[in-house]
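Since the structure comes first, as structure tokens, the remarks are kept for the end.
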Amino acid sequence: MDKHQTTLEQSIRKAREKKDILLMTHIVLGYPSFDDCLRMVEDMVNAGVDLMELQIPFSEPMADGPVILKANAEALKAGATVEQSFEMAERLTKEFDIPFLFMTYYNILFCQGVTEFVERCKAIGIQGCIVPDLPPAEGQDYLDAMHRCKLAPVHIFTPNTPEPRMRFLNDNSAGFIYSVARKGVTGKDTAFSSELETYLSTCKQNTSLPLAVGFGVKSAEDVNFLRGKADIAVVGSETIRVMEKEGVAGVRPFIETLVA
Amino acid sequence: MDKHQTTLEQSIRKAREKKDILLMTHIVLGYPSFDDCLRMVEDMVNAGVDLMELQIPFSEPMADGPVILKANAEALKAGATVEQSFEMAERLTKEFDIPFLFMTYYNILFCQGVTEFVERCKAIGIQGCIVPDLPPAEGQDYLDAMHRCKLAPVHIFTPNTPEPRMRFLNDNSAGFIYSVARKGVTGKDTAFSSELETYLSTCKQNTSLPLAVGFGVKSAEDVNFLRGKADIAVVGSETIRVMEKEGVAGVRPFIETLVA
Amino acid sequence: MKNSGYYSQFGGAFIPEILVPTFDELETAYLEARDDENFWKEYLELMSTYSCRATPITRLDNLSAQIGGASIYVKREDLNHTGAHKANNVMGQGLLTKRMKKTRVIAETGAGQHGVATATMAAKFGFDCTIYMGAHDVKRQRPNVFWMEQMGATVVAVTEGSQTLKDAINEAFRDWVTNMDDTHYVLGTACGPHPFPEMVSWFQSVIGTEAREQMLDRTGKLPKRVYACVGGGSNAMGIFSGFFDDKEVELVGVEAGGRGRGSGEHAARLAYDDASIGVAQGYKTFFLQDRDGQMQDTHSVSAGLDYVGVSPILSHLHEAKQVRFEAATDDKVVEAMQRTVRHEGLIPALESSHAFAQAYKEAETMSPEDDILINMSGRADKDIFTVADAVHDPKWKEFIIDKADAYRREKHNG
Amino acid sequence: MKNSGYYSQFGGAFIPEILVPTFDELETAYLEARDDENFWKEYLELMSTYSCRATPITRLDNLSAQIGGASIYVKREDLNHTGAHKANNVMGQGLLTKRMKKTRVIAETGAGQHGVATATMAAKFGFDCTIYMGAHDVKRQRPNVFWMEQMGATVVAVTEGSQTLKDAINEAFRDWVTNMDDTHYVLGTACGPHPFPEMVSWFQSVIGTEAREQMLDRTGKLPKRVYACVGGGSNAMGIFSGFFDDKEVELVGVEAGGRGRGSGEHAARLAYDDASIGVAQGYKTFFLQDRDGQMQDTHSVSAGLDYVGVSPILSHLHEAKQVRFEAATDDKVVEAMQRTVRHEGLIPALESSHAFAQAYKEAETMSPEDDILINMSGRADKDIFTVADAVHDPKWKEFIIDKADAYRREKHNG
Ligand SMILES: Cc1ncc(COP(=O)(O)O)c(C=O)c1O
Ligand SMILES: Cc1ncc(COP(=O)(O)O)c(C=O)c1O
């Protein structure tokens with residue numbers, strides 16, 4: 001993929017001019033309900049979140065841990081469809097002035113038709129996609145469509161990824177690189193150590209894109225650690241955990257502690 | 001075994017001079033108790049029984065059917081021993097003037113010592129033995145001891161026994177031949193038919209000894225059928241069945257119907 | 001990734017980025033093993049000393065006569081150690097795990113058969129072992145769980161999703177993405193991301209290689225048709241692969257027809273029209289899914305065929321018309337099992353009984369000159385709870401109730 | 001009777017007169033079969049196509065290393081069809097039954113293993129089949145009863161005596177004395193009246209013949225000791241007979257030590273001093289009996305060794321010091337079973353585990369140059385109720401209680 005600069009990347013770079021580090025959060029569309037999602041997004045944006053992943057629920061979320069897994073299952077049980085997810089996303093992109101990405105599994109795209117899916121993303125103002133079970137080698141159609149639509153296909157760096165592969169992934173990505181800070185699925189703890197620092201600097205060396213770091217971020221301390229080492233801190237499962245424990249109203253205060 | 005005439009045979013032949021057919025009954029020593037056995041023998045003798053089998057209980061009565069099987073087990077459960085059986089038999093031979101035989105399985109003899117067992121039989125007035133799991137080929141010691149003591153080793157003819165084997169069994173027997181009227185264990189029904197008549201005449205042709213016929217005799221009609229075809233009608237399980245149904249007191253009336 | 005592992009449009013490796021190096025390593029190890037003559041020798045040696053390969057071929061004398069059509073032969077994978085063809089695959093992957101110097105294995109299991117096989121292999125090789133099993137299946141298949149635990153395996157009851165096989169697979173992948181350094185994931189069937197479909201089929205090919213030779217030895221000719229049940233597709237791939245070059249041999253895959261066509265309660269991905277192409281669990285194939293791509297609940301009397309996807313290689317062979325797919329319904333399957341038990345003294349697993357049901361049906365219309373071959377992928381004697389329920393045995397229920405009462409009393413008294 | 005079948009003072013045929021012609025016929029058929037080369041060929045052919053003979057020899061790599069003494073090999077009779085060496089005997093007697101043109105078979109069973117094997121054989125040969133089983137064992141071994149019934153056998157629960165194996169034998173004889181014309185009694189072990197001990201040992205000798213050759217092939221030498229569990233003695237006779245001419249091979253029979261020497265709760269007829277010579281069930285041997293000759297109650301964790309008598313041939317070999325007898329206690333047996341499952345992935349039947357227990361104990365004191373061979377007479381996976389109880393698995397009990405509750409609800413609702 002040749003290195004056009006996407007709107008997503010531009011927005012990130014612009015936001016970074018004003019902030020040391022950006023905050024990206026994650027919700028599962030339709031969990032606990034679409035109405036609650038709307039409220040949570042509103043609260044998060046008001047609390048200062050800079051960009052958001054909207055996960056379209058899938059019945060087999062292979063790369064997700066227990067918290068998000070359950071959220072996927074509950075959303076589907078409550079009847080969430082892909083169509084509803086698109087409608088909700090369209091509303092969110094219209095109402096809130098931050099970049100939104102879709103996160104979902106490949107079968108959702110595949111069953112909609114990859115091109116149709118991407119074109120509809122474009123139409124409703126989604127700026128990028130994260131598809132964790134679609135390596136670039138399997139996803140040429142997808143990459144082509146994203147490229148055509150000037151959307152950002154985000155790929156993932158892991159502590160296991162060799163540097164040549166990082167460069168390959170970078171070449172196939174746009175918007176930013178999503179770097180996972182440890183092995184395993186979403187929602188487990190990571191020790192924020194000097195080892196992690198080394199890893200992040202390797203990541204930086206192998207991408208020209210902004211760097212998001214995720215998996216396990218759950219406190220202002222964690223976010224602070226990433227300041228200067230990454231562009232975006234990703235808070236995923238922890239938001240859902242807070243919401244499950246304290247209700248939708250608990251999300252905003254939690255986010256505010258992170259950006260404080 | 002050379003053909004000495006035993007006291008048993010003599011008694012049978014003498015009794016037959018007065019009666020068309022003799023009646024032999026069967027009890028299991030110690031069932032339901034030794035006292036009840038005593039009473040039953042008394043009643044049977046008074047009712048006109050001509051000779052009796054006293055079964056020493058054994059834990060594995062392979063050739064017995066359910067009624068006698070259970071009687072064996074109950075007697076043992078109540079604590080019956082071989083010693084007690086001997087004591088009871090001694091008392092019976094003293095008190096009642098009919099021939100008594102032991103019926104039991106070989107292990108009882110074997111564990112006492114075959115010679116000791118036989119000598120003790122002699123000493124207490126037992127006139128013969130029926131050991132259904134001891135074919136002559138396995139029982140030379142036993143045959144020798146019985147012969148020495150002039151006791152009667154009784155063997156069994158069955159509808160399956162070929163004639164040469166009948167003659168062999170006859171040669172190894174004394175007292176009488178016990179002819180079973182059908183296949184199977186004790187206590188099951190037999191159809192008293194013309195087939196049976198043919199079988200009994202074959203039995204007669206192959207023995208010089210009196211012929212007892214058993215297995216399934218349970219009414220005056222059955223006994224009548226045997227008149228002229230055999231010397232002794234054997235009533236086994238049926239007496240025990242009657243006793244179990246009607247109590248010890250029911251035995252005498254039952255026997256009386258048979259000899260009427 | 002050296003080879004994306006496609007069979008026409010099916011297959012691939014749709015895996016989380018973190019597993020990419022692990023799959024590279026696995027593929028390399030697998031390809032090296034395939035190139036190394038000694039590896040296959042060692043594998044055959046292991047299977048002939050630890051299990052009882054070559055497994056025999058048995059002729060069904062009574063049923064062939066009764067049915068009055070084709071002469072029926074059975075490949076006896078039920079005689080394998082642990083009671084099914086699953087042994088072939090796990091032992092092969094065990095050798096590969098050793099080769100990769102890993103010390104821990106994980107596996108998914110539905111019926112429990114693959115879990116027991118993997119736990120057995122782990123005990124034999126001295127590996128740590130964790131088995132993922134849907135909580136629903138843990139309940140249904142306690143005997144298998146018992147043996148896995150006795151083997152030293154940790155059995156994790158997966159309470160996510162439909163709590164069955166597909167969820168156990170997802171959970172095994174979740175473990176793997178955390179522990180790939182020392183852990184090999186012993187996938188149990190010819191599904192999943194490349195190289196699993198091909199690799200599992202390779203290990204199972206021992207069935208077909210033996211069977212072809214045995215049929216020639218025994219009858220002087222090739223069978224007219226070969227039947228195998230199809231869950232993920234490994235036993236079918238195993239026996240079919242012996243006959244791929246024999247165009248005159250018709251290969252018949254038999255899926256779980258459950259409550260029948262149109263009932264929505266079955267697991268027939270290729271024989272019925274309810275499945276569509278999709279990508280899940282790391283590979284592209286026909287899945288029983290809704291229009292959004294969400295996987296649907298499946299149903300079968302046999303836990304081992306009760307699965308949403310199917311080997312991508314079989315999807316390809318289906319489209320290429322090299323394998324014919326049929327489905328046998330629950331009632332016919334139980335009937336075929338009982339008939340085989342009653343008249344031949346063989347106890348086919350409910351899974352395998354699908355192949356028997358279809359073979360009996362077709363044998364009738366064939367000539368006594370024709371031979372057919374059924375793959376008896378496993379034995380049912382360990383599935384007694386399922387089988388007793390399937391045949392509604394009242395004495396069994398009484399026995400269980402009495403046993404439970406005794407356990408309850410025991411609890412009370414001490 | 002052509003030959004009274006004595007082994008020094010043990011053996012004989014103490015049978016009711018009505019069975020004499022039947023035993024004559026059986027002995028004649030047996031002797032003719034022995035003389036007929038084709039019979040043994042047919043037998044081997046049947047065993048290699050219907051079961052998986054030759055069964056392999058497996059080396060216990062992990063436990064040999066762990067124990068650090070002798071190198072331990074296992075003869076895998078567990079891989080037989082129906083899961084134990086019992087298959088060898090029943091298939092042989094099945095051929096003989098056909099030869100005698102009989103159409104019905106009966107058998108006794110304790111653990112149920114021989115009952116399942118006989119029912120299987122009957123299904124295969126198309127014989128009617130009745131199995132006698134102590135009512136107590138019917139309760140303990142419902143899974144086996146279930147399979148016998150599925151095979152079409154009638155299972156009669158014997159409510160006489162101690163309601164276990166010996167009573168089932170008595171009852172089978174009672175059936176036979178009624179139905180000898182069309183019926184063959186398939187005795188399950190190397191006991192009973194002549195020719196059973198010799199005939200059953202003959203069929204089981206296939207184990208020893210194979211094992212001797214396999215050990216030579218594998219290790220280039222004979223094993224120093226051979227271990228087998230001893231119930232009636234058939235699997236022991238089977239494997240030992242391969243080595244009778246090898247004076248350097250020590251043969252070790254392992255009986256059920258139950259709760260130990262002196263406890264009165266065991267089934268050790270030869271290893272302990274509690275048994276004496278007697279005659280019961282048609283033959284003379286060592287029995288656990290009281291001074292009057294009444295058989296005593298025995299105890300073992302394994303139903304298949306829980307028997308009052310023992311093969312007369314083994315009693316002879318015991319006296320002749322050609323076989324050494326030991327007893328393994330219940331606790332050591334369960335431990336040996338668990339150890340074998342955990343570290344080798346083999347699931348020896350509780351019966352077989354007696355041999356494992358003794359072998360492990362002795363291996364320790366031997367040199368790594370020495371090989372020993374254990375006969376794994378059967379697998380335990382069908383005995384899950386007994387095994388789960390023996391290892392006190394709480395999850396198993398919960399499972400049974402839940403299952404029972406479900407059955408109860410079902411009854412209520414429909
Ligand atoms: C006996 C048996 N047969 C068949 C199967 C189905 O698997 P596959 O289609 O991979 O052979 C299973 C799965 O558990 C099984 O246990
Ligand atoms: C697996 C197994 N081993 C051993 C035995 C004991 O019998 P035998 O001593 O005749 O081999 C039995 C009897 O049921 C058995 O099932």
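Protein chains get the first letters and strands the later ones, always in sequence-line order, with residue 1 at the start of each. Just so you know, these numbers use all the heavy atoms, side chains as well, and skip hydrogens, waters and symmetry mates.
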For [X], which atoms come within 4.5 Å of any heavy atom of chain D: side chain, backbone, both, or neither?
X      : value
B:F110 : side chain
B:T158 : side chain
B:P162 : side chain
B:I108 : both
B:E60  : both
B:I56  : neither

Fill in the blank from the handout: When B:Y106, B:Y142, B:Y105 are each screened for ring-ring contact (aromatic ring centres under 6.0 Å, His included) with D:F14, the one that passes is B:Y106

Handout entry: Ionic contact status for D:K102 with D:D128, cut-off 4.0 Å
Key = no

Practice task
Work out which heavy atom in B:Y199 is nearest to a heavy atom in B:F157; give both atom names and the distance.
Solution key: OH-O, 3.1 Å

Handout entry: Distance, nearest 0.5 Å, that separates CD of D:E108 from CG of D:L165
Key = 6.0 Å

Handout entry: D:H184 side chain near D:L26 side chain, heavy-atom distance below 4.5 Å
Key = yes

Handout entry: Any donor-acceptor N/O pair, D:K86 side chain to D:G188 backbone, under 3.5 Å
Key = yes

Relative to chain B, which segment of [X] carries a heavy atom at a distance below 4.5 Å: side chain, backbone, both, or neither?
X      : result
D:P21  : side chain
D:I277 : both
D:Q294 : both

Completion exercise
Note: vs chain D, highest number of non-hydrogen pairs under 4.5 angstrom among B:G139, B:P135, B:A73 is B:P135

Exercise for the section: Classify the side-chain pair B:S201/B:T198 by whether it contains a donor and acceptor separated by less than 3.5 Å. Expected result: no

Fill in the blank from the handout: Ranked by heavy-atom pairs below 4.5 Å to chain B, first place among D:N170, D:D292, D:L19 goes to D:D292

Practice task
For each of D:E171, D:Q296, D:K284, D:R291, tally heavy-atom pairs with chain B at distances under 4.5 Å, and name the one with the top tally.
Solution key: D:K284

Practice task
Flag this pair as yes if the NZ/CZ of D:R269 is under 6.0 angstrom from the six-membered ring centre of D:F287 and inside a 45 degree cone about the axis; otherwise no.
Solution key: no

